[in-house]
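Worksheet: one structure, shown below.
One-based numbering along the sequence shown. Counting starts at 1 for both ligands and their atoms, following the listed order.
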Amino acid sequence: MRLLAAAAGFIVLVQAAAQQDVALKDLMPKGMVIGVAINQRQFDGTDTAGVALITKQFNQISPENALKFQPTQPAADRYTFEAADRYVQFGVERHMQVVGHNLVWHSQTGAWVFEGAEGKPADRDTLLARMRDHIRTVVGRYKGKIHGWDVVNEAIDEDGSLRKSPWQVGIGDDYVAKAFEFAHDADPDAELYYNDFNLEKPAKRAGVIKLVKDLQARKLRIDGIGNQAHWRLDTPTIEEIDGALVELHGTGLKVMYTELDINLLQNIARGADPATANPYANGLPDDVQQQLTRRYADVFGVFVKHRDAVTRVTFWGLSDADSWLNRGRMNYPLLWDRQRQPKPAFNAVVDVLRSAK
Ligand code: XIL
């Protein structure tokens, strides 16, 4: 009996080791890269287990925060590139596709950018000059190293109209076109993307498609639409994901899933006691684990079905411990658990990719 139990244990160990040995990057359809957004501990190398996993599993990286406006240009006369340089170096050393995220957004951008003289908002010319200087400096610095840039992030509102961001208010509707123009001038070889979320919602998707067509009509370079893919277990449905993909690809552009994660927690009101809305504080129940596994299998099923349209899939964080979706609670949105062990969802993704080969 004891021998049998030992043998069974050995087999389980061997199986686990075999799963750990599989690399997602080796299983992806041709022409589709697989990546992860990395944080400072990872590109600095202090998270050694994380670095090993990233190096083994992925052939593309995105910067979770390091290349945003605020961290790269905290003041008008000051650029800070220490972290960004290490991020880019991390990818270059490993021959990964290095993505830039992002140049123009309403968030994580210093208040100074939008301020004019005497407490008034900055005018159009001032804002355009600041935008051009930022884009030239940041994109120019990584010319030839960064494969593609999210030029404008989240410019469309839920109803499909152009978001009244401080960029839009100060410059006017052509601020998006200007950003793409400046980015192309700064690195003519870099791919340029428009990136947004909730693209499975028809009104918002229609707004994004209209925006993209306007850029195309102006003969500006745009290579792809980034669909952030911050999804949940049941929403959007697989049919909605599939339909949105087909419509977005109808613009003639590549489609990328740029910030994939599956949020298992409900939204809570701001300021609410996190403890009251933390149902999985002591672990994830088996049935929810299974739902997450099936969900990942289904979404990867869509990606491989449309392998001609999809050029990239990027997870927004490596393991559950790294995810921005925790925010004081316990969330389980990714393929590796807090001990950096592959979850059943990882195995399910491997199975889907293998059977598509
Ligand atoms: C998030 C980061 O993950 C967090 O660490 C940060 O505090 C806020 O931004 N859409 C985007 C990303 O385009 O840049 C955001 O990243 C998540 C939503």
Exercise for the section: Taking only heavy atoms of the protein into account, state which residues are under 4.0 angstrom from an atom of ligand 1, in chain and number order. Expected result: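 Heavy-atom contacts below 4.0 Å: E64, N65, K68, H101, W105, Q108, N153, E154, Q228, H230, E259, W316, W324.
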Could you list the donor-acceptor pairs under 3.5 angstrom formed by side chains in residues 222-229, with sequence neighbours left out?
from	atom 1	to	atom 2	distance (Å)
D223	OD1	L192	N	2.8
D223	OD1	R221	NE	2.8
D223	OD1	R221	NH2	3.4
D223	OD2	R221	NE	3.3
D223	OD2	R221	NH2	3.0
N227	OD1	A229	N	3.2
N227	ND2	E200	OE2	2.9
Q228	NE2	N153	OD1	3.3
Q228	NE2	E154	OE2	3.0

Does a salt bridge link [X] with [Y], judged by any charged N lying under 4.0 Å from a carboxylate O?
X: R218; Y: E181; answer: no
X: K305; Y: D242; answer: yes
X: R294; Y: D298; answer: no

Exercise for the section: Please work out which of the three classes, parallel, tilted or perpendicular, describes the rings of F303 and W231, given edges at 30° and 60°. Expected result: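 It falls in the tilted class, 30° to 60°.
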Practice task
Verify whether the ring centers belonging to F180 and F182 lie closer than 6.0 Å.
Solution key: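 No, the ring of F180 stays outside the 6.0 Å limit from the ring of F182, centre to centre.
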